[in-house]
Number of protein chains: 2
Amino acid sequence: MATTVLVVEDEAAIRDMIAMALERAGYRARHADSAEDARAAMRLAHPDLLLLDWMLPGESGLDMARSIKDDAQMSQIPIIMLTARGEEDDRVRGLDAGADDYITKPFSPREMMARVKAVLRRTAPTLTEAPVEVEGLRVDPISHRVFANGDGVDLGPTEFRLLHFLMTHPERVFTRAQLLDNVWGANVYVEERTVDVHVRRLRRELTATGHDGLVQTVRGAGYRFSARD
Amino acid sequence: MATTVLVVEDEAAIRDMIAMALERAGYRARHADSAEDARAAMRLAHPDLLLLDWMLPGESGLDMARSIKDDAQMSQIPIIMLTARGEEDDRVRGLDAGADDYITKPFSPREMMARVKAVLRRTAPTLTEAPVEVEGLRVDPISHRVFANGDGVDLGPTEFRLLHFLMTHPERVFTRAQLLDNVWGANVYVEERTVDVHVRRLRRELTATGHDGLVQTVRGAGYRFSARD
DNA sequence: AACGCGCGTGACAAATTCATGACAGTTGCC
DNA sequence: GGCAACTGTCATGAATTTGTCACGCGCGTT
């Protein structure tokens, strides 16, 4: 999936210039012209980066940056602030609000792209994954921990990846071969029945914490993660 | 201690002009006329800022800037690039390489001083990081000291950086490769197992002061700093 | 009711992954 | 120059994890 950049800027000319440069570089660009619009767009497009204008009608870009960095769900998304001011005082305030970089207008598409790439490179590993939670069972890829209603669950590396994969693709049946590809990795030779064993090990841990029936067997097809029976 | 600026420039006239202006303004100036010299000077004088000429005999200033920004120990030191060229292309490359500002020759001592002061002011908060404290274990980046419930803990440079990095990113697992990038610096080739050894050395010191279990091993994933088990 | 599969289980031995202690090369400091 | 502090590597042994089997149970079909 292409990297998506959300451009929050009310001046159409600048916004289009940026969007064009981004798309020419192979990124997917989305835009919003106010903080309110931006929040809606973030929920829809799940951008990997925000280009946020300092001056916006209504809620300022600075406030928005601050609120995003305070939100556990979105705090991982890097932000580059755009501003017409050149005072470094502002720069400090911007960085202080959680911005990852800062571009002073006027700027060239080229400079902008250089910074976009730099920020993405710097934060790439970070935005990979958010915690998943279903019925009190929470898997957090960042801390690499699993909690069942608050209590820690001890899983081996493979069980962890298996559970995480299934939870991020709920209600969907995967054949053993598909699971091997996605959890073990492509071109890895292991018996398909090995999946059964790991499912069993995973279930054993989950059952011990009262979470039964989440990893379901679909006879003749494979396994599925689902909250309902 | 006076703020030290290292001037890396092979043309004596320019170098002296800069050094004189800096000293008149109360800074301590050191100089080098090649990247090799500069590295030696950095180890000796621990400059707070680098004025780096783009064109140097041997390794270019651009390459040097990049390698410094990749080095965990020196990446905090701000860099101002000096160049005879005015192409924006160069400007982008310079900023991309990690430079904090950019001065085009010819320039006046006055302009240079303004930029030097601006960069130092701007990066001050970065270098002056706040102390981090968790469960009585305090790491103070400013004094470069660690205290466990008031008692000083003696750590080597690498252990200090490792602990500080982990403490500023709690509850998050880092692979050995990520730790090497962030604590040792990118482009530094060391065996991944070396991380284990430093973790052990760090743990040994922490355990001696009663702080066990803070640096945790996540089998198959890496290490994590966390207050809870 | 018998049978054929598909799947759950417990047991294992091999393969990984880590913690540790020892060592030698460097560096900075007396 | 010599000493002390640091670093990066290795070898070793212990602790987990992993991939396979073999065995049986149960479901659906005949």
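Note that the coordinates shown come from a computational prediction; the quantities given were computed from them, not determined experimentally. Each chain gets a letter, A, B and so on, in the order its sequence line appears, and its residues count up from 1.
Residue A/Glu159 contributes atom CD, which lies 14 Å from atom P of D/dT16 at whole-angstrom precision. Atom P of nucleotide D/dT18 and atom OH of A/Tyr189 are separated by 19 Å, given to the nearest angstrom. Atom CG of A/Leu162 and atom P of D/dT17 are 15 Å apart (whole Å). Between the CZ atom of A/Arg193 and the C1' atom of D/dG19 there is a distance of 12 Å, rounded to whole Å.
An angle of 30°, rounded to 10°, separates the two end axes of the helix from C/dA1-D/dT30 to C/dC30-D/dG1, each defined over five pairs.
Contact annotation: B/Trp184 side-chain N/O to D/dT7 OP1/OP2 distance is not under 4.0 Å. For D/dT7, one of the phosphate oxygens OP1 or OP2 lies less than 4.0 angstrom from a side-chain nitrogen or oxygen of B/Thr158.
For the pair B/Asp53 (side chain) and B/Val8 (backbone), a donor-acceptor distance under 3.5 Å is absent. Formation of a donor-acceptor pair under 3.5 Å by the B/Asp100 side chain with backbone atoms of B/Ile79 is found in this model. Looking at B/Glu9, its side chain does come within 3.5 Å of a backbone N or O of B/Glu11 through a donor-acceptor pair. Under a 3.5 Å cut-off, the side chain of A/His144 and the backbone N or O of B/Gly220 do not form any donor-acceptor pair.
In the region residues 195-210 of chain A, proximity to DNA chain D at under 4.0 angstrom, judged on heavy atoms, holds for A/Val197, A/His198, A/Arg201. Within residues 212-225 of chain A, the residues having any heavy atom under 4.0 Å from DNA chain D are, by residue number, A/Arg219.
Applying the salt bridge (charged side-chain N to carboxylate O under 4.0 Å, His left out) test to residues at least two apart or on different chains, the pairs with a partner in residues 141-168 of chain A are A/Arg145-B/Glu171.
Closest of all the heavy-atom pairs between B/Ala41 and B/Leu6 is CB-CD1, 3.8 Å.
Atom CZ in A/Arg200 sits 4.0 Å away from atom CZ in A/Arg204 (nearest 0.5 Å). Taking CD from B/Glu135 and CG from B/Asn149, the interatomic distance works out to 9.5 Å, rounded to the nearest 0.5 Å. Atom CD1 in B/Ile80 sits 5.0 Å away from atom CD1 in B/Ile103 (nearest 0.5 Å).
First and last contacting nucleotides of DNA chain C toward chain B (any atom under 4.0 angstrom from a heavy atom, 5' to 3' order): C/dT17 to C/dG28.
With a 4.5 Å cut-off on side-chain heavy atoms, B/Arg201 and B/Thr158 do not count as touching. Between A/Val188 and A/Leu180 there is no side-chain heavy-atom pair separated by less than 4.5 Å.
Residue order along DNA chain D, read from the 5' end via each residue's closest nucleotide, puts B/Asp154 first among B/Asp154 and B/Glu191.
Residues passing the salt bridge (Lys or Arg N to Asp or Glu O under 4.0 Å) test with B/Arg203, sequence neighbours excluded: none.
Using the six-membered ring where Trp is involved, B/Trp54 and B/Tyr102 have ring planes that are perpendicular, over 60° apart on the 30 and 60° scheme.
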